There are 2 protein chains.
Amino acid sequence: MSSIDQVALLAKVSVATVSRVINNSGNVSPETRQRVLAAVERLKYQPNAMGSLLRKEHTGMILVMLHSVDNPFFAPIVQGIESYAQTNGMNVLISTTYGDPSRESHYLELVKTHFVDGILLIANTMTLEVLNELSTRFPVVQVLEYLEDSEASRVTIDFHAATVELIEGLVAKGHRHIAFVHTGLEHIISTQKKRQAYVEVLAKHGLPPYEIPGPHDFGYESGAQLARQLLETHPQISAFFATSDLIATGILSTLEAMDVQVPKDKAIVSFDNTVFATLSRPTLTSVEVNGYELGSQAMDYLFRRIHQKKYRDKVCLTLPYTIHHRDSE
Amino acid sequence: MSSIDQVALLAKVSVATVSRVINNSGNVSPETRQRVLAAVERLKYQPNAMGSLLRKEHTGMILVMLHSVDNPFFAPIVQGIESYAQTNGMNVLISTTYGDPSRESHYLELVKTHFVDGILLIANTMTLEVLNELSTRFPVVQVLEYLEDSEASRVTIDFHAATVELIEGLVAKGHRHIAFVHTGLEHIISTQKKRQAYVEVLAKHGLPPYEIPGPHDFGYESGAQLARQLLETHPQISAFFATSDLIATGILSTLEAMDVQVPKDKAIVSFDNTVFATLSRPTLTSVEVNGYELGSQAMDYLFRRIHQKKYRDKVCLTLPYTIHHRDSE
DNA sequence: GGGGTGGGTGTAAACGATTACATAAAATAA
DNA sequence: TTATTTTATGTAATCGTTTACACCCACCCC
């Protein structure tokens, strides 16, 4: 690996001049510039990032913590982040946590040691203490999921309002027995908000809630299994409210296997509006969050937080959502 | 941000001693260690990564270049990579390229400047020159997709053999008019290999090929659209060979809309064996690659390439695949 | 001719760690 | 007691850059 000194030597100039050529900073005569560039080419010189970053305040890297790379739901968020980053000269790196706190805190080291300038948390699972400690000292923004009483900033949607709208819709269509089907990830705020809204709306109309604890996964299987259990014990259920459309797809498969017609016999509504909502038959009514907007807004705040020291106050942004009514209700 | 000098000052020791405590290297008396740790705690000292990495040969980071984070197909590969990395003390960072060469070369800078130690390319689109230049100078491994005549190492599967097996299966079932439906991403090696095998098998049996150029996307829509076009012009087609199961899902939706029964009237076989293959109705016959194994094997080679200078020869690994026969044929 | 101005370049001090080497003190051996 | 090893610590060089500062020289303007 050739270093800047070797280039300087070969071009018969000082390292300062080489640096000026590389970074297009300061004044360099055309002839000298040529000599330097020739030497760079000769030696295939590439500046070492650690050397230069040591002198700078920022690395220009930001880290996105993601559950995994197989969830279509997160893709638009990541795109929003990357698009903002690109136009502002930052680089986005992604790490996957699979909901494992130890993996999370492992990657947090990257911001603590200033390897990256900031972190965007998508569906993090760390404790309140860890998060608060982190967010007071480093640029951090929570995206979508968040810890309610945390000091950390966040960009999210109003899960409560969206759920109220969904359930009220079902009630208006005459449903009196509506079940709540979720992933078993009790602690995440979206599930809590959805459950709370669900319970409130039912209570308001004097209707009974139906819910059984589910396995801890993201999806299809648990939806199928929970639907089966619910219908065995409570055949009067006429509508399902699923916390994700992958779960809804699972419910659909159970209903199909039981020869139950959707939406004639049972209705289904869900969240996320991923490709599964339009791919399934019937298509699913689902709540869409504008992931792209969510991502770029989060990035916008993070960017300001990184570059303006005064910009330290907690920010809570709530973006609008859209309900797509389709054939499942 | 407190630095090591401030800790040294507060603990009344030299920076060398602080460093020894932090890294558990060399001998430090228990009392001194305590004083240093107390100072570290007081100042909330975190070593700056750039400072220490400047002295080291490696950063312990490797970069995975991915198309996007919404493809379930890549998830096992990433998991295999991460699992290997974790047990070997490395960190995995992911970047998305969306097939954009400029984004690719942008992220390549990270290995050139020694910000990361090596790169795993999943479905890269760079030119042969760029890749060769890169791979001779830096640790790079191609995963799954690759450039045929490149100097760069790769870990992949035998697309040709898998396709032969699929098509021969269809022929054995009596199909005489089999269409080839792909994404329009002509240049990628898997598409080429699949087409070549498809053409060979048909030729061997004296059967006609059916193929029309498709739109450049990954999926569902193009599958649906191409199936419609193919059947309009060639109603005799009785089986579809799709290069991905997302495409196959699109084909299915068209057949459903046309009231064509699968597999009674038409058969479908595909690649990837993602969640879409089991979610769709009917379920899809699909080729499974062992992504986890693919990822960890690739990482294993990359790791050795990084840490043993002699380990420079090109390696081409071909891992086995599995065909899951399901209800679509 | 003297005093600016500014372009082109070099010197050397950072940045924040690690570590080879030196040294002093303590423990051990003779 | 003295010689020898071991332990604990400090000094300073080093990693590869960037950049403040100093310098020289050419040019221009009175």
Side-chain angles (χ1 to χ4, degrees), chain A residues 1-40 43-61 89 109-117 138, chain B residues 1-40 43-61 109-117 137-138:
Chain A
M1 256 331 63
S2 46
S3 68
I4 198 171
D5 319 75
Q6 305 177 34
V7 176
L9 203 64
L10 183 60
K12 301 198 202 307
V13 294
S14 72
V15 293
T17 301
V18 176
S19 176
R20 283 188 272 255
V21 171
I22 304 284
N23 302 295
N24 283 313
S25 62
N27 290 315
V28 180
S29 75
E31 308 86 63
T32 318
R33 152 166 279 112
Q34 276 317 309
R35 279 216 314 289
V36 171
L37 289 178
V40 165
L43 298 172
K44 290 192 179 304
Y45 168 68
Q46 289 273 156
N48 179 305
M50 298 308 145
S52 65
L53 290 178
L54 181 55
R55 289 281 311 228
K56 308 203 207 271
E57 198 179 351
H58 300 124
T59 63
M61 303 276 161
E109 289 298 309
L110 295 188
V111 72
K112 291 185 179 169
T113 59
H114 298 267
F115 193 89
V116 301
D117 298 337
F138 304 99
Chain B
M1 257 328 65
S2 47
S3 69
I4 198 170
D5 319 74
Q6 306 178 33
V7 176
L9 203 66
L10 182 59
K12 299 197 204 310
V13 294
S14 72
V15 293
T17 302
V18 176
S19 176
R20 282 187 273 257
V21 171
I22 303 285
N23 302 295
N24 283 313
S25 62
N27 289 315
V28 181
S29 75
E31 310 85 62
T32 317
R33 153 164 277 112
Q34 278 315 310
R35 278 217 315 287
V36 171
L37 289 178
V40 165
L43 298 172
K44 292 194 179 305
Y45 167 69
Q46 289 273 156
N48 177 307
M50 298 308 146
S52 64
L53 289 179
L54 182 54
R55 290 281 312 228
K56 305 202 207 275
E57 199 180 350
H58 299 125
T59 63
M61 303 277 161
E109 288 299 307
L110 295 187
V111 72
K112 291 184 179 169
T113 60
H114 297 268
F115 193 88
V116 302
D117 298 337
R137 298 175 50 206
F138 304 99

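Scope of the values below: all heavy atoms of this structure, side chains included, with no hydrogens, waters or symmetry mates. We name chains A, B, ... by the order of the sequence lines, and we start the count at 1 in each one. Note that the structure is a prediction, hence the values are computed from the model and not measured.
For A/L54, the side chain to side chain contact (heavy atoms under 4.5 Å, CB included) partners at least two apart in sequence or on another chain are B/M50, B/L54. Every residue meeting the side chain to side chain donor-acceptor pair (under 3.5 Å) condition with B/S3, not counting sequence neighbours, appears here in chain and number order: B/D5. Considering only residues two or more places apart in sequence or on other chains, B/R137 meets the side chain to side chain donor-acceptor pair (under 3.5 Å) condition with B/E133. Among residues two or more places apart in sequence or in another chain, the side chain to side chain contact (heavy atoms under 4.5 Å, CB included) test is passed with A/T113 by A/E109, A/F115, B/Q46, B/A49. Partners of B/N23 according to the side chain to side chain donor-acceptor pair (under 3.5 Å) rule, which considers only residues two or more places apart in sequence or in another chain, are B/S19.
Listed by residue number, the members of residues 44-53 of chain A with any heavy atom below 4.0 angstrom from DNA chain D are A/Y45, A/Q46, A/P47, A/N48, A/G51, A/S52. A heavy atom closer than 4.0 Å to some atom of DNA chain D occurs in no member of residues 26-39 of chain A.
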> Could you go step by step and tell me if A/L110 and A/M61 meet the side-chain contact (heavy atoms from CB on, under 4.5 Å) rule?
Replying inline: CA-CA 10 Å; A/L110 295 188; A/M61 303 276 161; over 6 Å; no

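Closest non-hydrogen pair, B/S2 versus B/L43, comes out as OG-O, 3.2 Å. Taking all atoms of both residues into account, the shortest heavy-atom contact from A/G26 to A/R20 is CA-CD, 4.2 Å. Shown here for B/I4 and B/V15, the closest heavy-atom pair between the two residues is CD1-O, 3.7 Å.
Atoms CG (A/D5) and P (D/dT17) sit 7 Å apart, rounded to a whole Å. Atom P of nucleotide D/dT17 and atom NE2 of A/H58 are separated by 22 Å, given to the nearest angstrom.
The outermost nucleotides of DNA chain C lying under 4.0 Å from heavy atoms of chain B, listed 5' to 3', are C/dG16 to C/dT19.
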Would you mind writing out the side-chain donor-acceptor pairs for residues 32-39 of chain A within the sub-3.5 Å range, not counting sequence neighbours?
residue	atom	partner	partner atom	Å
A/T32	OG1	A/S29	OG	2.6
A/R33	NH2	A/N24	OD1	3.1
A/R35	NE	A/A11	O	2.9
A/R35	NH2	A/A11	O	3.2

> For every nucleotide of nucleotides 19-27 of chain D, 5' to 3': is a protein heavy atom under 4.0 Å from its base (B), only from its sugar-phosphate (S), or from neither (-)?
Replying inline: B--------

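A heavy-atom distance below 4.5 Å is not found between the side chains of B/Y45 and B/Q6.
Here the OG1-CG distance, from B/T17 to B/N27, works out to 11.0 Å after rounding to the nearest 0.5 Å. Distance CD/B/E57 to CE/A/M1: 10.5 Å, rounded to 0.5 Å.
Under a 3.5 Å cut-off, the side chain of A/D117 and the backbone N or O of A/H58 do not form any donor-acceptor pair.
With axes fitted over five pairs at each extremity, the angle between the ends of the helix from C/dG1-D/dC30 to C/dA30-D/dT1 is 50° (10° resolution).
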